[in-house]
J.: 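Below you'll find the structure I mean.
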There are 2 protein chains.
Amino acid sequence: MIKEKILRRKSRQRQIILDELKKLKTHPRADFLFKIVRKKLPNISFGTVYRNLNLLRDQGEVLELTCGKHGCRYDGTATNHYHFSCLKCGRVFDLDQPVLRDLDMKVSNKSGMAVNYHRTDFYGYCRECKSRNMSADK
Amino acid sequence: MIKEKILRRKSRQRQIILDELKKLKTHPRADFLFKIVRKKLPNISFGTVYRNLNLLRDQGEVLELTCGKHGCRYDGTATNHYHFSCLKCGRVFDLDQPVLRDLDMKVSNKSGMAVNYHRTDFYGYCRECKSRNMSADK
DNA sequence: TTAATTGCAAAACTTTTGCAACGCT
DNA sequence: AGCGTTGCAAAAGTTTTGCAATTAA
């Protein structure tokens, strides 16, 4: 499937989806963002949210984080950064750990693949969950 | 949801699912593995494959890799290692880049989270795809 | 025997898509 | 006007679940 360059128009819907996502410090799934956006645009449809998230991702304005079975999470900060995912509450947090860009080169040389970038997710218990009971489950 | 310790029995189905997954060098999705397993167990059902993959994952015998919209990929090698994902053909490859365990400690200290482990996925074009045309799409 | 496991089918979810109407440019 | 975008609803795809029958221990 070849990606054609299409002239994009501005739409109120797309702008508000992007604005609301950027406002959130969390990394919501499409359905959660849909509910947020619907407060401002009561008639917006699910399809529009999905279409625009895909579009914004393709244009590099939004990150689509690696997905779980319950859907992908989206990040309004487009520059690559690492994430922490809580095994208990499931929330995803930004980390300010520097991205190890030189790893890409190392892996390229070693594996023969052409590496563009990497994503790293740390797993464990967030500050709130680690202080509560630690019986491990999701 | 508290995870109960349940006495597990050996079932022919679970054993074959595990065996076939370990045999594969690729990292199949559940539906692909289902087709493979069905060659040996023509009557096995989708539900059984999913139930057992979840179970094997919970018991740490199998890795459930971060998922895409088309489903999770599974890895029969249970010890943590890095992966390379081809942006063109979508295949996932194992890397033998060493896992940077000390990163976990660094992130723990810096962020206040209790880090157990991390996962890293490299993205780019695999050896085969990078030599073909490089028009970037999935 | 007894309780985990299976096969089947239906349900639950997430995401995509066809289409007529709408709205940027 | 031209065509990208929307809302709606239906479709598609993945994963889970309820249940009676089966099977491992």
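The chains referred to below are lettered A, B, ... by the order of the sequence lines, with proteins before strands, and numbering in each begins at 1. Keep in mind that this is a model prediction, so the values were computed, not measured.
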J.: Do the cysteine sulfurs of Cys86(B) and Cys129(B) sit under 2.5 angstrom from one another?
T.: no
J.: Nearest 0.5 Å, please: how far is CG in Leu65(A) from CZ in Arg29(A)?
T.: 11.0 Å
J.: Starting at the 5' end of DNA chain D, which residue's closest nucleotide do you reach first, Lys10(B) or Cys72(B)?
T.: Cys72(B)
J.: Donor-acceptor pair, distance only, cut-off 3.5 Å: does the side chain of Lys130(A) make one with the backbone of Tyr125(A)?
T.: no
J.: Can you list everything that forms a salt bridge (charged side-chain N to carboxylate O under 4.0 Å, His left out) with Lys40(B)? Sequence neighbours excluded, please.
T.: Glu20(B)
J.: List for me each residue that meets ring-ring contact (aromatic ring centres under 6.0 Å, His included) alongside Tyr82(A), sequence neighbours excluded, and say none if there are none.
T.: His118(A)
J.: For DNA chain C, note the earliest and the latest nucleotide, 5' to 3', having some atom under 4.0 Å of a heavy atom belonging to chain B.
T.: dT2(C) to dT16(C)
J.: Atom NZ of Lys69(B) and atom C1' of dG13(D): how far apart are they, to the nearest Å?
T.: 13 Å
J.: Just list the side-chain donor-acceptor pairs under 3.5 Å for residues 106-115 of chain B, sequence neighbours left out, or say none.
T.:
{"unit_1": "Ser108(B)", "atom_1": "OG", "unit_2": "Asp104(B)", "atom_2": "O", "d": "3.1"}
{"unit_1": "Ser108(B)", "atom_1": "OG", "unit_2": "Met113(B)", "atom_2": "O", "d": "3.4"}
{"unit_1": "Ser108(B)", "atom_1": "OG", "unit_2": "Val115(B)", "atom_2": "N", "d": "3.2"}
{"unit_1": "Asn109(B)", "atom_1": "ND2", "unit_2": "Met105(B)", "atom_2": "O", "d": "3.4"}
{"unit_1": "Ser111(B)", "atom_1": "OG", "unit_2": "Val107(B)", "atom_2": "O", "d": "2.6"}
{"unit_1": "Ser111(B)", "atom_1": "OG", "unit_2": "Met113(B)", "atom_2": "N", "d": "3.2"}

J.: To the nearest Å, how far apart are Leu33(B) CG and dT15(D) P?
T.: 12 Å
J.: Find the distance Arg9(B):CZ to dA24(D):P and express it as a whole number of Å.
T.: 10 Å
J.: Taking atom P of dT15(D) as reference, at what distance in whole Å does atom CZ of Phe34(B) sit?
T.: 13 Å
J.: Taking only heavy atoms on the protein side, list every residue of residues 41-55 of chain B lying under 4.0 Å from any atom of DNA chain C, sorted numerically.
T.: Asn43(B), Ile44(B), Ser45(B), Thr48(B), Arg51(B), Asn52(B)
J.: Start with the C-alpha distance between Asp94(A) and Thr77(A), add both sets of side-chain angles, then the distance that settles side-chain hydrogen bond (donor to acceptor under 3.5 Å, both in side chains), and finish with yes or no.
T.: CA-CA 10 Å; Asp94(A) 290 320; Thr77(A) 302; 5.1 Å; no
J.: Whole-Å distance between dT6(D) C1' and Gln15(A) CD?
T.: 16 Å
J.: Gln13(B) side chain N/O closer than 4.0 Å to the phosphate oxygens (OP1, OP2) of dT23(D)?
T.: no
J.: Just jot down the ring-ring contact (aromatic ring centres under 6.0 Å, His included) partners of Phe46(B), sequence neighbours excluded, or say none.
T.: Phe34(B), Tyr50(B)
